[in-house]
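Below you'll find the structure, written out as structure tokens, and then a few comments.
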Amino acid sequence: MNATTTLRNRSWAPDAARVEGAVKVYGSPDSADTAVTALDGVSVGFPAGRFTAIMGPSGSGKSTLTHCAAGLDTLTSGSAYIGDTELGSLDDRRLTLLRRDRVGFVFQAFNLVPTLTVAENITLPMDLAGRRFDQDGLEWTDALIDVVGLRDRLHHRPAELSGGQQQRVAVARAFAGRPDVVFADEPTGNLDSRSGEEVLGLLGRAVREMDRTVVMVTHDPVAAAHADEVVFLADGRLVDRMEAPTADKVLDRLKAFDTRSAPPSEGGPS
Amino acid sequence: MSATGPRGAAGHGRPAESRGAALGAALRISLTSLRGHKRRFAGTFLAVLLGVAFLAGTLVMGDTLRASFDTMFGNATRGTDAVVRSENTITTPGESQGVRRNVDTALVDRIEKVPGVAAAVPSIQGAGQLIGKDGDPIGGQGPPTLAGNWITDPELNAYRLSEGRAPARSGEVVVNRGAAETGDLKIGDTTTLRTPDPVKVTIVGLATFGGEDGMAQTTFTGMTQADAEKYLMPKPGEAATVQVRAGPGTGQQELVDALTPVLPKGVEAITGQESAEENSDMISGQFLTLFTTFLLVFSGIALLVATFSIHNTFAIVVAQRTRENALLRALGASRRQVTASTLTEAVVVAVVASVAGLAGGIGIAAGLQALFPVIGFPFPEGDLVISGTSMLLPLAVGVVVCVASALLPAVRAGRTAPLAALRETAVDQSGTSRARAVAGAALALAAVALTLVGVLASPSIWLAGTGAVLALAAFVVLGPVASSRAVRFLGGPLERMRGVTGSLARRNALRSPKRTAATASALMIGVAVVSLFTVFGASLKATMDQTVSRSFAGDVAVSTPSFGAGGSGLSPRLAPAIAERPEVATAVGLGRGVAEVDGEGRALTVTDPIALANSFNLGKVEGSLSDLGDDGIAITRKEADKQHLKVGDKAELAFTDGKKDAFSVRAVYGQSELAGDYVITRDAWAPHRGQDSDTLVSVTFKDGVDAADGKAAVSEVAKAYGDPEVQTRDEYAQSAAGGIDMMLTLVYALLALAVLIALLGIANTLTLAVHERTRELGLLRAVGQTRGQLRAMVRWESVLVAAFGTVGGLALGGFLGWVLVKASDGASDSAFAFALPPTQLAVVALVGLAAGALAGLRPARRAARLDVLRAIATE
């Protein structure tokens with residue numbers, strides 16, 4: 001039931017997003033007592049057209065890495081790129097525009113604006129950009145709506161949808177602007193296994209059938225198995241990569257952390 | 001049955017014991033939560049503080065002023081032990097002060113012979129307006145401009161010489177220091193005193209009253225006794241009162257008792273103390289009561305507006321704390337404890353804010369005390385009078401308003417189901433319920449029906465007033481229903497204009513109709529009162545305009561400034577002098593007299609009836625105005641109906657001099673505006689008159705005379721009579737309405753407070769909403785909303801809420817203004833015109849919207865400062 005391995009030959013593809021020597025220290029860097037180093041010199045690229053999962057125990061820096069790579073947060077040192085754009089050189093406004101135009105997001109929960117309908121939520125980033133829909137864009141959005149299977153729910157409010165449906169809307173929203181890369185932070189963390197499977201399936205299809213790029217943080221080996229590749233973080237460092245993951249292989253790798261290096265963890269969302 | 005008794009008692013005993021501890025827990029919870037969320041209550045705190053401060057300030061200032069006036073009059077007249085004056089006064093409707101007959105100065109000799117009397121002097125009082133150095137009259141815009149004899153016995157003179165000397169020769173005067181300063185006059189200057197005939201006077205001394213520059217803003221000119229009798233009394237040998245000083249060992253009451261037997265019928269003696277109190281009360285009555293009532297009404301409005309803001313804050317806080325309260329309930333807290341904990345918060349906020357408000361109120365009063373002299377109002381010195389009432393009342397009002405506003409939210413907090421802890425916070429949709437719409441519509445219908453009946457069918461202030469109150473209630477009940485529709489409608493263009501930002505703003509304003517309505521209600525009431533006054537003011541102006549254009553047939557008018565307040569009037573010799581000019585066809589002067597007609601005080605118009613008919617449109621006239629003679633009167637149709645009089649009937653007029661004469665009604669005319677209800681000839685009035693003056697001279701030019709030439713000719717004549725202002729018909733109508741603008745300016749200044757409180761409410765609600773929507777805002781930022789777009793979104797939401805409040809307020813204010821105008825029309829003799837001033841109302845609307853944008857600034861800035869990641873992570 002693992003993801004297909006046929007796309008491994010695309011590892012030569014340029015990186016849609018990458019970080020180099022990424023360091024993130026929370027709290028005052030002056031006082032060693034309160035400072036927490038979340039990322040400790042991570043360099044990793046996320047190739048275009050690939051589905052990459054980031055795994056690691058709680059506190060390993062998974063979420064921090066995606067936030068910094070996606071331009072939601074800034075690095076203490078090192079650099080993050082979306083395509084060829086270095087994020088550290090952008091001011092808040094340019095960073096916002098970059099997120100709007102070139103990056104998509106799926107969060108664990110609260111992905112939708114409650115006052116907007118499903119359709120309006122999907123087109124929100126484009127609407128914020130004041131972008132007119134060309135024929136191409138309309139077709140793309142239309143196809144997307146069919147892929148996520150929400151055509152009969154377009155004019156409903158988020159509150160009228162189930163959790164799984166809400167996450168599917170979030171996935172549609174993330175891809176609607178045809179961004180360079182979509183970051184998903186524990187997208188199935190709040191869902192039952194069936195709904196979660198649907199959302200992961202959607203992400204996988206978007207990569208394989210629509211040639212998109214997805215970076216997903218998860219602590220669930222089954223979810224990670226949908227990816228083309230898994231990168232493992234521990235204590236803010238990149239410790240391993242795994243091509244063509246399966247749930248069993250990922251689980252074994254994680255168990256190795258527990259016994260070898262990493263402190264025991266409950267495996268909760270980080 | 002009997003078994004339940006003891007058990008019940010026991011059951012009562014235990015909880016009662018633990019209830020103390022339980023409430024203690026509630027108190028602890030509320031105090032902790034208050035400390036944790038100080039910011040949330042900032043708006044509530046300020047609203048209560050402002051309302052209480054205004055109320056307390058008004059009360060303290062009122063008390064202080066009253067006490068100061070008492071002290072001032074007490075000081076000024078300390079040497080006067082008794083005042084002898086005539087008993088009767090005639091008070092006409094709408095006047096606070098009656099007209100009192102003069103006494104004979106021959107009384108002075110008789111009084112001086114009474115044992116125990118050390119001195120007695122006649123006191124002459126009349127109107128006299130000084131002309132300042134720049135040629136403009138001093139005062140005359142409200143406070144009286146007095147003239148009298150300079151009493152040489154310093155003990156009996158309320159004024160003290162501060163510089164110079166007393167007048168010794170005819171033409172020499174002492175003026176109060178305040179008036180001299182206003183008119184830039186110094187000792188040795190020569191100027192004109194209008195009595196109303198211009199008298200050339202030389203200032204030889206400056207005087208103070210009770211140690212101050214003057215008696216409030218009243219001006220005083222002291223002349224020699226001969227001058228005063230000549231210019232201020234109808235004939236020599238009369239005085240307004242006789243002031244008496246007692247010899248050593250004679251008390252005030254003893255003196256009065258000794259005086260009473262020697263006084264002729266109709267003349268009385270009162271103690272000096274009574275006289276001072278009367279004078280002080282008169283000033284308090286005329287000025288302070290009006291002033292304080294005015295301010296109290298506005299603090300009431302401010303507190304009413306505050307009620308909405310406070311209710312809203314607590315409602316939101318309770319809604320935000322649903323999970324916390326549910327958790328408390330699940331852990332075993334009783335409803336009562338949860339309710340009590342919210343109410344305790346309200347009480348703490350109320351007490352702290354009210355106490356701060358009291359301090360603020362004292363500050364306001366002290367500030368005004370310091371400010372009054374600066375703006376030329378000699379505030380008598382003295383400490384602030386802080387009475388128990390002026391502290392306890394605002395405190396009580398502040399606490400009651402705050403706690404009552406928090407009551408409903410507190411009860412709602414108590415009703416939180418323990419299970420709510422597990423649910424997502426529900427969306428508040430209750431505002432749009434059908435029952436509310438129906439109840440609101442019924443209320444609105446009842447309000448309109450009552451008002452219409454009260455205004456149109458059977459005019460009654462009570463019906464109309466009840467209708468107006470119901471209309472307000474209907475607006476509040478319908479608010480949430482209306483807010484959805486109104487915001488949807490008002491926000492329509494916004495969505496087209498501002499795209500998704502506008503759309504989000506509009507939908508945010510639609511999220512909680514109740515909250516939007518309550519927020520807007522505060523502004524609505526403020527705007528409603530502003531528009532009410534605007535509409536009423538404009539209607540009054542239109543009424544004046546209509547009155548002048550309908551009844552004034554002259555080409556120019558010479559009138560005293562404002563409506564008869566202060567000033568000295570016009571010389572009765574002005575009209576005949578003007579009539580002699582070749583350009584002038586007729587010039588008629590109107591004087592004012594008083595008499596009792598069948599026991600009720602009435603104002604008389606003293607004039608030449610034939611010329612009057614030429615210059616004023618009197619409507620349909622029955623009988624003839626041409627031969628009133630000295631025993632005839634003309635009256636309006638309305639008075640004729642009221643008194644059951646018709647042409648040929650006799651009416652008995654009682655004058656201030658105690659004489660009663662039967663007059664025959666020779667004419668009944670239709671329109672009373674400007675001309676008054678009773679017309680009497682100068683000959684008939686002459687024996688009973690006091691100081692002789694006219695209030696208005698109406699001039700008609702001969703055919704073919706250019707308006708400017710005619711006006712110039714009249715002005716030239718007027719120059720010799722103290723140079724009163726000559727106005728064209730339009731100018732006359734406008735000056736008649738001038739007082740209204742002044743009143744409106746004051747009202748607007750005071751209402752700014754209510755609007756400010758409403759704005760605090762909007763800002764507070766939005767700040768809380770921003771806090772509530774932290775995650776949503778974070779999401780929007782994450783998916784690409786720029787800070788600017790986020791700010792715009794919050795700002796526009798604020799503008800939409802304000803727009804709803806403003807539109808509602810304009811509608812309500814316009815309606816209430818119409819009711820007020822129509823009710824006044826029905827209740828008074830004169831016809832009222834209704835006018836909607838489009839420019840002013842547009843300005844009100846713009847101010848409302850701008851205020852909304854302003855209120856949204858801070859919440860918008862706070863929202864834009866949100867850290868995206870923190871916002872997303874917030875649970």
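All chains are named by letter (A, B, ...) in the order of the sequence lines, taking the proteins before the strands, and each is independently numbered beginning at 1.
Contacts between A:L97 and chain B at a heavy-atom distance below 4.5 Å involve the side chain alone, from C-beta outward. When heavy atoms are compared at a cutoff of 4.5 Å, A:L98 does not approach chain B at all.
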Taking 3.5 Å as the threshold, show me the donor-acceptor pairs across chain B and chain A, one per line with distances to 0.1 Å.
from	atom 1	to	atom 2	distance (Å)
B:R507	NH1	A:T115	O	3.3
B:R507	NH1	A:E120	OE1	2.4
B:R507	NH1	A:E120	OE2	3.2
B:R507	NH2	A:E120	OE1	3.4
B:R507	NH2	A:E120	OE2	2.5
B:R781	O	A:R99	NE	3.4
B:R781	O	A:R99	NH2	2.8
B:R781	NH1	A:T96	OG1	3.2
B:R781	NH2	A:D92	OD1	3.1
B:R781	NH2	A:D92	OD2	3.2
B:A782	O	A:R99	NE	3.1
B:R787	NE	A:D92	OD2	2.9
B:R787	NH2	A:D92	OD1	3.2
B:Q789	NE2	A:L128	O	2.6

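Of all the listed residues (A:P114, A:G177, A:P125), the one sharing the greatest number of non-hydrogen pairs under 4.5 Å with chain B is A:P114.
Between A:A174 and A:P179, the closest heavy-atom pair is O-CG, 3.2 Å. Heavy-atom minimum distance, A:V113 versus A:P158: O-CG, 3.6 Å. Summarising the geometry of A:I82 relative to A:A69, their closest heavy-atom pair is CD1-O, 3.3 Å, with the distance given to 0.1 Å. B:G852 and B:L759 make their closest contact through N-CD2, 4.3 Å (heavy atoms, listed as atom of the first residue, atom of the second, distance). What you find for A:L65 and A:L39 is that their closest heavy atoms are CA-CD1, 3.9 Å.
With hydrogens and angles ignored, the 3.5 Å screen pairs a side-chain donor or acceptor of B:T342 with a backbone N or O of B:V338.
With sequence neighbours excluded, the residues satisfying ring-ring contact (aromatic ring centres under 6.0 Å, His included) with A:F107 are A:F105.
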